[in-house]
Amino acid sequence: NEFAAYYDKGLSKVKELVNVDGFRKGHAPDAVIISKFGEMAVLEEMSNLAVEASFTDAILESKIDAIGRPEVTVTKLAKDNDFEYKINVAVMPTLELPDYMKLAKSVEEQEVKVEQKDIDEVVLELRKMRAHKDLHADGSEHDHQDEAHNAAHSQIDAKEIADLPELTDDYAATLGDFKTVSDLLKKIEENLKLEKDQKQKEKRRNELLEKIVAETKGTLPDVLIESESDRMLAQMKGDVAQMGGTFEEYLSYIKKTETDLRKEWHADAEKRAKIQIILNQIAKDKKIVADKDLVEKEAQRLMEMYKEADHERATEYMNQLLQNEEVLKMLEA
């Protein structure tokens, strides 16, 4: 009886899809439709409607955390009979995590130091940049294929420190809001410290995640790995587009296909997908959620950068990103 209730809608759907000579689309009599296309055409549309209506309830009743597109196999379809179908769907795996808090403590934070030679290298590059700017001081166009011009650049690169613009308070003032050379050197040291801190932070996080992944048990369904490969591919296409080329040109240049790239990325895609599930499970275990106001703020900023972005997807992306950050901060504490 439940399936029979879809008959009228199924018949209407067939009418919308087919053409019958002598009638406007969707207005052919029921008898003509049945005579020309048969009851099975109607039953198939009824089955589509029934699956669409009952699939979600079936998943919820089964308490399955379904992911990806389901495979639906009809096992019984006949007029005046029950309709039966089978669903085959991938489910979000529950991985067996190690003692991640213990592993987090085993990855020590390394002290970051800025040495004098690091500062000296930056100062040297700044002085070379000034020499290069002086070379172009007349504002005229320079042909970088010109041998004399390139020779001048080579001389700049080869100059000893003493031959470059002198490091004075006046010179420091031309580089920003600096009154003295000491102010400039202090700022350079601060920037180098921030850069080294960030690199050390990334290195520590990567080491921690590698340890957790290595000791995590469980396998991933192919749909998650393929989904991660899709993201990697989309990112590469975006990078190529930003450089002004087409992805087809890029593939031609590297002499590979999308399939080749996906095969090469498989192990990396699997690891990235596993890391995300691990972070999700830790967030659930520790009841960590991203700040909703910050998520919305960052999603709006993202949409300003990418005008055609979907708000829902931008919000979902930023929520995941910020939740990951909170989990990693908890592990690092």
Side-chain angles (χ1 to χ4, degrees), residues 100-129 172 175-178 181-216 228 231-232 234-236 238-240 242-243 265 267-269 271-283 286 288-306 309 314-333:
Y100 49 82
M101 296 304 297
K102 181 179 179 180
L103 287 175
K105 289 182 174 60
S106 72
V107 182
E108 297 181 359
E109 185 174 4
Q110 301 296 318
E111 183 180 0
V112 171
K113 292 183 179 179
V114 177
E115 299 180 1
Q116 186 60 45
K117 68 180 183 64
D118 299 323
I119 300 173
D120 291 342
E121 287 176 2
V122 174
V123 171
L124 179 59
E125 287 304 313
L126 289 173
R127 294 169 72 186
K128 285 183 177 181
M129 286 170 61
L175 298 174
D177 188 20
F178 308 113
V181 171
S182 179
D183 292 339
L184 171 63
L185 297 179
K186 183 178 179 181
K187 189 62 177 179
I188 290 173
E189 183 176 8
E190 289 175 359
N191 290 342
L192 286 172
K193 179 69 164 56
L194 287 172
E195 183 180 345
K196 284 176 175 279
D197 281 341
Q198 183 60 35
K199 287 182 178 179
Q200 173 58 32
K201 180 179 178 181
E202 292 175 1
K203 181 182 177 182
R204 186 186 178 199
R205 285 186 174 183
N206 288 335
E207 185 178 345
L208 169 59
L209 290 172
E210 288 284 351
K211 284 192 172 186
I212 295 176
V213 169
E215 296 192 27
T216 294
E228 190 60 45
R231 277 191 282 271
M232 294 168 70
Q235 182 177 351
M236 176 172 281
D239 292 343
V240 172
Q242 283 188 340
M243 291 187 290
W265 294 344
D268 191 32
K271 180 189 290 186
R272 287 171 60 164
K274 183 172 285 189
I275 286 173
Q276 187 56 66
I277 294 175
I278 288 170
L279 293 175
N280 287 345
Q281 286 189 207
I282 295 175
K286 296 296 184 179
I288 296 173
V289 294
D291 181 271
K292 290 184 178 180
D293 292 337
L294 183 57
V295 168
E296 180 59 29
K297 179 181 177 181
E298 291 300 311
Q300 289 294 343
R301 185 179 63 83
L302 189 65
M303 292 186 68
E304 289 174 6
M305 294 172 59
Y306 303 96
T315 302
E316 182 181 346
Y317 171 77
M318 292 310 308
N319 182 73
Q320 187 71 80
L321 201 66
L322 293 172
Q323 179 179 285
N324 288 350
E325 181 64 22
E326 292 302 313
V327 171
L328 290 168
K329 285 180 180 178
M330 182 274 296
L331 292 172
E332 292 168 336

Within-4.5 Å side-chain heavy-atom neighbours: [X] and [Y]:
| X | Y | result |
| --- | --- | --- |
| V123 | I188 | yes |
| L279 | I275 | yes |
| E298 | L321 | no |
| E121 | E125 | no |
| Y100 | Q281 | no |
| Q116 | I119 | yes |
| E228 | K271 | no |

### Query
Around atom CZ of F178, are there more than 12 heavy atoms of other residues, nucleotides or ligands at under 6.0 Å?
yes
### Message
Taking CD in E332 as the centre, count heavy atoms belonging to other residues, nucleotides or ligands within less than 6.0 Å. Is the count above 12?
### Response
yes
So, for [X] and [Y], which heavy atoms are closest and what is the spacing to 0.1 Å?
| X | Y | answer |
| --- | --- | --- |
| A104 | L331 | CB-O, 3.3 Å |
| D291 | L294 | OD1-N, 2.8 Å |
| V295 | A290 | CG2-CB, 3.7 Å |
| A314 | M303 | CB-CG, 3.9 Å |

[atom1]-[atom2] distance between [X] and [Y], expressed to the nearest 0.5 angstrom:
| X | Y | atom1 | atom2 | answer |
| --- | --- | --- | --- | --- |
| N191 | D118 | CG | CG | 13.0 Å |
| M330 | E326 | CE | CD | 10.0 Å |
| M101 | K286 | CE | NZ | 5.5 Å |
| K186 | D183 | NZ | CG | 7.5 Å |
| R231 | W265 | CZ | CH2 | 13.0 Å |
| M318 | L302 | CE | CG | 6.5 Å |

### Task
Determine, stepwise, if the pair Q300 / E304 fulfils side chain to side chain donor-acceptor pair (under 3.5 Å).
CA-CA 6 Å; Q300 289 294 343; E304 289 174 6; over 6 Å; no
### Task
Using a strict 4.0 Å threshold on nitrogen-to-oxygen distance, state whether E325 and R205 make a salt bridge.
yes
### Message
Between D197 and K193 (salt bridge meaning N to carboxylate O under 4.0 Å), is one present in this structure?
### Response
yes
#### Entry: Backbone N/O of E202 and side chain of N206: donor-acceptor pair under 3.5 Å
yes
### Query
Could you go step by step and tell me if K199 and E195 meet the salt bridge (Lys or Arg N to Asp or Glu O under 4.0 Å) rule?
CA-CA 6 Å; K199 287 182 178 179; E195 183 180 345; 3.4 Å; yes
### Query
Given the rule in the side-chain contact (heavy atoms from CB on, under 4.5 Å) test, do L124 and D120 qualify, once you have shown the distances and angles that lead to the verdict?
CA-CA 6 Å; L124 179 59; D120 291 342; over 6 Å; no
### Message
Applying side-chain contact (heavy atoms from CB on, under 4.5 Å) to Q198 and L194, what does each step give before you reach the verdict?
### Response
CA-CA 6 Å; Q198 183 60 35; L194 287 172; over 6 Å; no
#### Entry: side chain to side chain contact (heavy atoms under 4.5 Å, CB included) involving Q320 - partner list, sequence neighbours excluded
Q276, N280, Q323, N324
For residues 105-115, run the donor-acceptor check on the side chains, cut-off 3.5 Å, and write out each pair with its distance to 0.1 Å, sequence neighbours left out.
unit_1 : atom_1 : unit_2 : atom_2 : d
S106   : OG     : L103   : O      : 2.5
S106   : OG     : K211   : NZ     : 3.3

